[in-house]
Amino acid sequence: MPTRRDFMKVAAETAVGTSICAILAEDVFAMAVQHAFEADSSKASTHAAFGLDGLHGEAAKKKMFFGSATSEDRIISDIPYRTALVKECGIIVPEYEMKWDIMRPSATTYNFADADFMINFARQNGLAVRGHTLCWHRALPSWFASTVNSRNAAQFLTEHIATVCGRYKGRIHSWDVVNEAIEPTDRQTNGLRNSPWFQLLGESYIETAFRAAHQADPAAILVYNEYGVEFDDTIRTDAIVNLLRRLKARNVPLHALGVQGHIRAADKAKFAANMQRFRTFLREVATLGLSIIITELDCDDTGLASSITTRDEGVGGMYGDYCSVVMNEPAVIGIITWGLTDKYTALNSTNPRSDRLPQRPLPLDANMVRKNAWYALEYWFKNTMQRPRQTITSVAEERVAPIQRLRCIPNTQQSECEIQFTLERSEDVLLRLVDVRGQDVQILAQARFEAGEHRFMLNYAAFPIGTYLCILQSPSFLVSEKILLQK
Ligand code: XIL
């Protein structure tokens with residue numbers, strides 16, 4: 001374990017004003033620091049002062065939540081993206097890592113590595129996690145069709161759910177238990193989709209899945225997740241409401257409807273024409289005693305002209321229209337976007353534009369800059385009514401990641417400040433002090449630290465008095481604490 005002397009050695013070797021070390025080369029926090037001190041310095045939360053209270057910060061004031069889908073490779077490889085993710089979101093959802101084709105390399109084995117990464121990353125950064133998805137007709141592994149039959153299907157389904165939900169018990173805010181089970185054009189009973197699960201087990205697979213999930217993780221919010229409800233002529237939405245009603249009547253543990261929210265800016269007029277029906281649908285769901293989560297919001301910009309301004313205004317306008325419906329329904333408790341930045345939208349492969357330009361469907365552009373869509377969400381979180389109960393309160397309250405808790409205790413008499421932090425596991429850590437202009441004043445430590453509590457004395461006799469920020473970060477987290485150094 002590095003000692004105080006190690007700290008001092010590193011500190012001495014890295015002179016005041018040093019340019020930031022390699023792992024910070026692409027780091028955007030220096031900029032954040034600058035903004036931090038221009039912002040209201042009386043704010044209690046350092047995250048807020050740093051502009052780290054993004055959309056989730058606004059949502060949480062209304063006891064709602066905001067988050068986005070993400071994936072392991074992006075989190076690992078892209079520091080500005082990771083920074084934006086932690087800043088904007090209170091909850092994340094793995095876009096791939098919990099789907100069957102990733103989790104089930106074979107009929108008898110599980111791959112937990114990718115999902116574990118997501119859960120650990122979330123935990124270290126004070127984020128909640130949605131689980132997606134336990135039962136879907138897509139993303140089934142290649143062995144599925146030849147191995148699963150009507151005799152063993154129920155066993156496969158319950159075992160999978162018991163194993164996966166059991167492993168992450170207590171760590172998942174909400175599970176998309178069954179995804180996209182309705183497709184009236186398939187012409188099956190009750191408008192159900194003619195999915196492999198339906199073919200093997202009939203409608204009962206839905207109930208089986210929910211009961212297994214509840215048994216394995218009784219605290220998780222269990223969600224039925226569906227798309228295509230915004231522009232509907234009521235055939236889909238009636239089938240969905242009827243399914244939810246049947247499940248509730250049978251006391252199936254079902255707590256919320258997930259409305260995916262894949263919308264298209266060019267459908268603005270169509271959306272407006274159908275707004276009232278969409279609203280009615282949401283209210284019908286609410287009267288069943290269910291909450292509603294917008295689970296996969298993004299806005300396809302195909303059909304809009306190439307100009308970035310046109311597209312950002314069109315997409316932003318559509319986010320606004322969408323929010324004007326969903327944010328006015330008290331049953332809607334949170335919004336998740338399907339990706340946070342245009343850089344990683346799945347729409348470029350699933351719905352490419354005819355001019356081949358990359359799509360701009362999400363709140364941040366490819367450089368993590370906020371766009372009209374971001375401001376539309378912010379406006380609606382600011383202007384929506386307070387929900388009765390925050391479903392991720394404990395996480396929201398621990399936005400300053402509890403695991404790496406950082407404390408700075410100045411002693412004005414001695415011109416010393418005691419800096420304490422606790423690591424849950426061994427980490428490569430950078431501890432630095434920056435001034436109000438965002439300049440590094442001192443690199444206090446840059447080393448691998450063991451799990452446990454660490455203490456360090458900073459003598460600031462030679463520093464000008466004033467406000468500083470102490471930042472503790474590793475490749476997987478960032479926490480900070482504002483300090484007023486006085487003599
Ligand atoms: C999508 C991913 O975003 C794509 O990259 C992948 O190729 C297919 O799956 N509804 C869902 C999501 O519930 O899981 C889907 O995600 C998008 C539609």
Side-chain angles (χ1 to χ4, degrees), residues 67-75 77-78 81 85 89 91-104 114-115 118 129-142 144 160-161 164 172-183 185-186 192-193 195-198 205-206 209-210 213 221-232 236 240 243 254 256-264 267 292-302 322 334-353 358-364 366:
S68 77
T70 181
S71 73
E72 183 177 3
D73 50 347
R74 286 162 220 176
I75 290 173
S77 65
D78 190 338
Y81 165 73
L85 186 74
C89 297
I91 183 165
I92 55 173
V93 52
E95 188 168 338
Y96 314 101
E97 290 79 356
M98 289 180 152
K99 290 175 176 171
W100 273 65
D101 56 354
I102 303 283
M103 296 211 85
R104 302 302 304 274
D114 302 293
M118 301 299 277
V129 183
R130 303 201 67 244
H132 176 81
T133 171
L134 296 168
C135 182
W136 192 27
H137 63 287
R138 290 172 59 193
L140 289 170
S142 52
F144 188 91
H160 176 87
I161 293 176
V164 175
I172 298 288
H173 166 269
S174 47
W175 267 110
D176 287 336
V177 179
V178 175
N179 196 24
E180 304 177 353
I182 294 292
E183 184 47 82
T185 58
D186 281 358
L192 287 164
R193 179 185 296 278
S195 78
W197 293 113
F198 178 78
Y205 83 88
I206 300 173
F210 276 96
I221 296 172
L222 302 187
V223 179
Y224 172 70
N225 197 41
E226 190 54 270
Y227 72 92
V229 298
E230 293 85 358
F231 302 96
D232 185 50
R236 283 181 71 78
I240 294 165
L243 167 65
L254 160 71
L257 171 71
V259 170
Q260 292 187 6
H262 295 294
I263 49 179
R264 188 165 170 263
D267 289 335
I292 299 168
I293 303 174
I294 308 304
T295 50
E296 305 185 13
L297 183 62
D298 60 5
C299 182
D300 184 331
D301 72 11
T302 55
Y322 197 78
I335 295 192
I336 313 285
T337 48
W338 204 240
L340 181 62
T341 149
D342 298 339
K343 189 169 181 181
Y344 299 118
T345 176
L347 288 173
N348 287 329
S349 42
T350 55
N351 304 27
R353 287 177 57 85
Q359 287 234 22
R360 301 178 64 84
L362 289 163
L364 304 182

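Note that ligands are numbered from 1 as they come in the structure, with each ligand's atoms numbered from 1 the same way. FYI, the numbering just counts along the sequence from 1.
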- Message: As a check for students: among Arg138, Glu95, His132, identify the option with a heavy atom nearest to atom 8 (C) of ligand 1.
- Response: Arg138
- Closest by any non-hydrogen atom to atom 1 (C) of ligand 1: pick that one out of Gln260, Lys99, Glu296, Glu180. Lys99
- Query: Is it true that the side chains of Asn225 and Glu296 contain a donor and an acceptor less than 3.5 Å apart?
  - Reply: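 Result is yes, a qualifying pair exists.
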- Query: Should the pair Arg236 and Tyr227 be classed as cation-pi, given the thresholds of under 6.0 Å to the six-membered ring centre and 45° from the axis?
  - Reply: yes
- Query: At a 4.0 Å threshold, what atoms of ligand 1 neighbour a non-hydrogen atom of Tyr96?
  - Reply: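 In order of numbering, the contacting atoms are 5 (O).
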- For Asn179, take its heavy atoms, then give the atoms of ligand 1 lying under 4.0 Å from any of them. 11 (C), 13 (O)
- Would you confirm whether the ring centroid of Phe144 sits within less than 6.0 angstrom of the ring centroid of Trp197?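 Yes - the distance between ring centres of Trp197 and Phe144 falls below the 6.0 Å cut-off.
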- Message: Please give me the minimum heavy-atom distance between Trp100 and Pro141, naming the atom from each residue.
- Response: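 Closest approach of Trp100 to Pro141, heavy atoms only: CB-CD, 3.7 Å.
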- Taking all heavy atoms of Pro363 and all of Thr337, pick out the closest pair and write down the distance. CG-CG2, 4.1 Å
- Is Tyr227 in contact with ligand 1, taking contact as a heavy-atom separation below 4.0 Å?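 Per 4.0 Å heavy-atom rule, Tyr227 does not contact ligand 1.
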- Query: Are any of the N/O atoms in Asn225 less than 3.5 Å from those in ligand 1?
  - Reply: no
